[in-house]
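Residue numbers start at 1 and run along the sequence shown. All values derive from a computational prediction rather than experimental measurement.
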Amino acid sequence: METGLTQFVKTSETDGVLTLTISRPEKKNALTREMYAALSDGVERAEREREIKALLFQGDGDSFTAGNDIDEFRAQDAGQQSEEGSGLRFVDLIAKATKPLVAAVQGNAVGLGATMLLHCDLVFLAEDARLITPFVNLALVPEAASTWLLPARLGHVQAYAMFALGEPLDASTAVARGLANAVVPIEALRSRASAAAALLAKRPAGALSHTKALMREHSRIAAQMAEEARLFRECLVTAEAREAFAAFAERRPPDFFKL
């Protein structure tokens, strides 16, 4: 069964698996306020409806997602947008989700596209997948408790290089370091992830939920996310952020030295 939450987030439900497909390929699936709201509504639906046993995230086109649309960041900086459009609701929901979350990732997974994977229970990467967390490049701080979760997986120096230098992590390295389950040929990516989600949907839901809860430190995750969100809001209105956003829009390197 197929439905549509918005023009850019498509949904389908098959055999207990709700699939949310980010579908704005002409913009590399950059996430807008409306798209965040649609993704959040999908997660809430999965949690609310008993017949949905697992949730699968995927993206159309050659990228999983380019992360937050920079124009939306600029709107927040100008005070034209509420926090509802910042992705905080979506991050909070996936962090608290009790049902299994599965991701199928091809191409670039940037910003939240990378950090959201830290909250997924199974992650499958295409051979061309790259995880990129360029928050500092935009004069911002990371989110989704990634400042705790990513160093826990990679160690401090590699996580810091991803955050501070924007160094990408390729698919094979992500698997080797425990950030993903497998590297899959692009033509088989969706079928592999769908099959895994379908298997989870057949498992005893109560035992799955308890197991997931036991594996996650919810209080620590919530505290880290709250502090990240506080600092993110502060950074968003700085001169550094305005320079970063202007440079992005003008397709030039930012000049932070002059500030």
Side-chain angles (χ1 to χ4, degrees), residues 1-13 17-49 52 54-97 99 101-120 132-135 138 140-146 190 225 228-229 232-233 235-237 241-242 244-246 248-249:
M1 178 179 66
E2 293 191 359
T3 59
L5 288 174
T6 75
Q7 177 185 358
F8 301 122
V9 176
K10 301 182 293 186
T11 71
S12 62
E13 182 185 344
V17 177
L18 180 65
T19 300
L20 300 181
T21 304
I22 305 169
S23 187
R24 195 188 179 202
E26 71 282 1
K27 294 292 186 179
K28 304 296 183 181
N29 291 334
L31 297 167
T32 65
R33 175 176 56 182
E34 291 76 15
M35 293 166 71
Y36 277 128
L39 290 168
S40 298
D41 289 346
V43 178
E44 286 188 331
R45 176 187 167 191
E47 288 289 298
R48 181 176 65 247
E49 297 183 10
I52 297 175
L55 184 59
L56 171 61
F57 297 105
Q58 60 187 24
D60 283 340
D62 59 10
S63 293
F64 180 60
T65 171
N68 204 102
D69 190 305
I70 297 299
D71 287 339
E72 304 262 319
F73 277 153
R74 299 178 76 179
Q76 285 177 260
D77 174 30
Q80 299 169 359
Q81 192 178 109
S82 70
E83 288 185 9
E84 180 70 13
S86 68
L88 294 179
R89 176 185 168 213
F90 175 63
V91 168
D92 183 64
L93 286 168
I94 59 175
K96 294 178 178 176
K99 294 182 180 179
L101 305 180
V102 181
V105 179
Q106 81 285 353
N108 289 343
V110 182
L112 182 63
T115 60
M116 67 176 283
L117 302 179
L118 298 169
H119 298 279
C120 291
I132 309 171
T133 53
F135 298 98
L138 293 172
L140 300 172
V141 298
E143 27 68 322
S146 60
R190 289 192 174 185
M225 285 172 51
E228 288 172 343
F232 192 99
R233 287 190 293 267
C235 289
L236 196 59
V237 296
R242 285 191 289 273
F245 302 154
F248 183 89

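Between M225 atom CE and S146 atom OG the span is 10.0 Å, to the nearest 0.5 Å. Summarising the geometry, atom CZ belonging to R190 is positioned 9.0 Å from atom OG1 belonging to T19; distances are rounded to the nearest 0.5 Å. The line from OG1 of T115 to CZ of F135 is 4.5 Å long, rounded to the nearest 0.5 Å. Of the inter-residue distances, the one linking M116 atom CE with L31 atom CG reads 8.5 Å to the nearest 0.5 angstrom. Taken to the nearest 0.5 Å, the CG atom of L138 stands 6.0 Å off from the CZ atom of F245. Summarising the geometry, atom CE belonging to M35 is positioned 6.0 Å from atom CZ belonging to R24; distances are rounded to the nearest 0.5 Å.
Taking 4.5 Å as the limit, every side-chain heavy atom of T133 sits out of range of all side-chain heavy atoms of P142. Contact of the V110 side chain with the F64 side chain is not registered, since no non-hydrogen atoms from C-beta on lie closer than 4.5 Å. Q106 has its side chain out of reach of D62: every pair of non-hydrogen atoms, C-beta onward, lies at least 4.5 Å apart. Within the 4.5 Å cutoff, no side-chain heavy atoms of L93 are placed close to those of E47.
Formation of a donor-acceptor pair under 3.5 Å by the E228 side chain with backbone atoms of A144 is found in this model. Under a 3.5 Å cut-off, the side chain of E143 and the backbone N or O of V91 do not form any donor-acceptor pair. With hydrogens and angles ignored, the 3.5 Å screen pairs no side-chain donor or acceptor of N108 with any backbone N or O of A66. Using a distance-only test at 3.5 Å, with no hydrogens or angles considered, no donor-acceptor pair links the side chain of S63 to the main chain of T65.
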Please test L56 against L20 for side chain to side chain contact (heavy atoms under 4.5 Å, CB included), starting from the C-alpha separation and ending with a verdict.
CA-CA 6 Å; L56 171 61; L20 300 181; over 6 Å; no
Could you go through I22 and F57, starting from their C-alpha distance and side-chain angles, then the distance that decides it, and tell me whether this counts as side chain to side chain contact (heavy atoms under 4.5 Å, CB included)?
CA-CA 8 Å; I22 305 169; F57 297 105; 6.0 Å; no
Between V43 and I94, does a side chain to side chain contact (heavy atoms under 4.5 Å, CB included) hold up when you go through it step by step?
CA-CA 7 Å; V43 178; I94 59 175; 4.1 Å; yes
Could you go step by step and tell me if E44 and K96 meet the salt bridge (charged side-chain N to carboxylate O under 4.0 Å, His left out) rule?
CA-CA 10 Å; E44 286 188 331; K96 294 178 178 176; over 6 Å; no
Could you walk me through whether Q58 and K10 pass the side chain to side chain contact (heavy atoms under 4.5 Å, CB included) check?
CA-CA 10 Å; Q58 60 187 24; K10 301 182 293 186; over 6 Å; no
Are T32 and E72 close enough, and set up right, to give a side chain to side chain donor-acceptor pair (under 3.5 Å), and what steps lead you there?
CA-CA 7 Å; T32 65; E72 304 262 319; 4.9 Å; no
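Between C120 and A103, the shortest heavy-atom contact is SG-CB, 4.0 Å.
Partner Y36 forms a side chain to side chain contact (heavy atoms under 4.5 Å, CB included) with one of D41, D69, N68, L88 and no other, that one being N68.
A donor-acceptor pair shorter than 3.5 Å can be found between the side chains of S23 and D60.
Salt-bridge annotation for K99 and E49: absent, with no side-chain N of the basic residue lying under 4.0 Å from a carboxylate O of the acidic one.
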